[in-house]
Amino acid sequence: MAILAQRMEQDKNMSDEESRERQEIFESFKKRMDAERPQGQKLYSEV
């Protein structure tokens, strides 16, 4: 629990620029994950 609390505190104090970078990385991750999954088994996309 202490690690989670520490991580939450770090995220709260994150700059807007770092937040945008993390969001872009996550969006890229989602696209790569769905590209590897068969049609009908996508996790993040509507298709």
Side-chain angles (χ1 to χ4, degrees):
M1 286 303 270
I3 293 172
L4 179 59
Q6 180 183 14
R7 178 63 190 251
M8 289 171 63
E9 189 64 30
Q10 287 174 347
D11 288 349
K12 225 186 297 184
N13 295 326
M14 178 185 319
S15 71
D16 289 342
E17 179 64 27
E18 186 177 359
S19 177
R20 277 190 295 275
E21 285 178 24
R22 286 186 179 197
Q23 184 64 33
E24 289 172 8
I25 290 168
F26 185 58
E27 291 300 323
S28 175
F29 166 80
K30 292 191 302 187
K31 288 178 185 176
R32 278 184 305 207
M33 291 303 294
D34 276 353
E36 299 295 323
R37 297 181 67 84
Q39 194 66 22
Q41 300 293 318
K42 307 291 185 182
L43 297 174
Y44 300 104
S45 64
E46 297 290 324
V47 180

Distance (rounded to the nearest 0.5 Å) between Ile25 CD1 and Arg20 CZ: 13.0 Å
Summary of salt bridge (charged side-chain N to carboxylate O under 4.0 Å, His left out) pairs that have at least one residue in residues 29-41, sequence neighbours excluded: Glu27-Lys30
Fellow cluster residues of Met33, listed by chain then number, with links counted only when side-chain atoms sit under 4.5 Å apart: Phe26, Phe29, Leu43, Tyr44
Atom CD1 of Ile3 with >12 non-hydrogen neighbours under 6.0 angstrom: no
Heavy-atom closest pair, residues Ser15 and Glu18: OG-N, 3.1 Å
